S.K.: 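Just passing along the structure, written as structure tokens.
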Amino acid sequence: ENQPQKSTSIVVSPNPSSGLFNVSLKGLDITHQDINFVVTNAKGITVLKGKVTEPEYPVDLTGKPSGSYNLTLLYKESLLFTTTLVLISK
């Protein structure tokens, strides 16, 4: 079975951010329709999750406490990408 490349073409910017992180999947050779995202805080509690609806989509943590969050992208339930989001207060 073909596993998608653990691609470096996933870009999150700006990071750190005061709320809005833009996630770009443009270089990916798979369709974004099968990708879900989960954001967890330092304690591992899910603070945001959803379905990726376009190749560039916003992850909005506005109003959440500043600190580090973990962004995980899942492709058909398998781990595709994970990174740390750093949220700073305005």
Side-chain angles (χ1 to χ4, degrees):
E1 187 178 4
N2 254 347
Q3 282 299 92
Q5 292 296 311
K6 300 280 187 281
S7 183
T8 52
S9 56
I10 298 173
V11 179
V12 180
S13 65
N15 193 9
S17 167
S18 58
L20 200 58
F21 297 86
N22 289 303
V23 180
S24 173
L25 306 170
K26 280 192 163 165
L28 230 49
D29 57 355
I30 53 176
T31 56
H32 59 269
Q33 281 92 345
D34 294 319
I35 301 176
N36 291 295
F37 72 89
V38 180
V39 179
T40 53
N41 65 14
K43 294 177 180 158
I45 296 165
T46 299
V47 295
L48 191 67
K49 65 183 192 176
K51 200 159 177 50
V52 175
T53 52
E54 50 201 313
E56 289 211 29
Y57 69 97
V59 172
D60 191 356
L61 298 180
T62 304
K64 304 268 189 285
S66 54
S68 292
Y69 292 82
N70 202 49
L71 169 68
T72 303
L73 299 181
L74 298 166
Y75 174 71
K76 294 183 175 173
E77 307 304 310
S78 356
L79 180 65
L80 175 66
F81 175 80
T82 184
T83 193
T84 301
L85 305 178
V86 178
L87 184 64
I88 50 177
S89 48
K90 284 184 178 155

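Nothing fancy with the numbering, it's 1 onward along the sequence. All values derive from a computational prediction rather than experimental measurement.
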S.K.: Name each donor-acceptor pair under 3.5 Å that joins a side chain in residues 13-21 to protein atoms two or more places apart or in another chain, with its distance.
M.R.:
unit_1: Asn15; atom_1: OD1; unit_2: Val86; atom_2: N; d: 2.9
unit_1: Asn15; atom_1: ND2; unit_2: Thr84; atom_2: O; d: 2.8
unit_1: Ser17; atom_1: OG; unit_2: Gly19; atom_2: N; d: 3.0
unit_1: Ser17; atom_1: OG; unit_2: Leu20; atom_2: N; d: 3.2
unit_1: Ser17; atom_1: OG; unit_2: Leu20; atom_2: O; d: 2.9

S.K.: Over all heavy atoms of both residues, which pair between Glu77 and Asn36 is shortest? Give the atoms and the distance, please.
M.R.: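 Scanning both residues completely, I find the closest heavy atoms to be OE2-ND2, 4.5 Å.
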
S.K.: With rounding to the nearest 0.5 angstrom, report the CD1 to OH distance, Ile35 to Tyr75.
M.R.: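 Here the rounded value is 7.5 Å.
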
S.K.: Is the shortest heavy-atom distance from the side chain of Val52 to the side chain of Val23 under 4.5 Å?
M.R.: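 Answer no - side chains too far apart.
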
S.K.: Take Ile10 and Leu80 through the test side-chain contact (heavy atoms from CB on, under 4.5 Å) and record every step on the way to the result.
M.R.: CA-CA 10 Å; Ile10 298 173; Leu80 175 66; 4.2 Å; yes

S.K.: Ignoring hydrogens and angles, write down the donor-acceptor pairs under 3.5 Å from the side chains of residues 39-48, residues two or more places apart or on other chains.
M.R.:
unit_1: Asn41; atom_1: OD1; unit_2: Lys43; atom_2: N; d: 2.9
unit_1: Asn41; atom_1: OD1; unit_2: Gly44; atom_2: N; d: 3.2
unit_1: Asn41; atom_1: OD1; unit_2: Ile45; atom_2: N; d: 3.0

S.K.: Please, which pairs that meet ring-ring contact (aromatic ring centres under 6.0 Å, His included) have at least one residue in residues 36-57, sequence neighbours excluded?
M.R.: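 Found Phe37-Tyr57.
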
S.K.: Identify every side-chain donor-acceptor pair in residues 65-73 under 3.5 Å, counting partners at least two apart or on other chains, and give the distances.
M.R.:
unit_1: Tyr69; atom_1: OH; unit_2: Pro65; atom_2: O; d: 2.5
unit_1: Asn70; atom_1: ND2; unit_2: Thr82; atom_2: OG1; d: 3.3

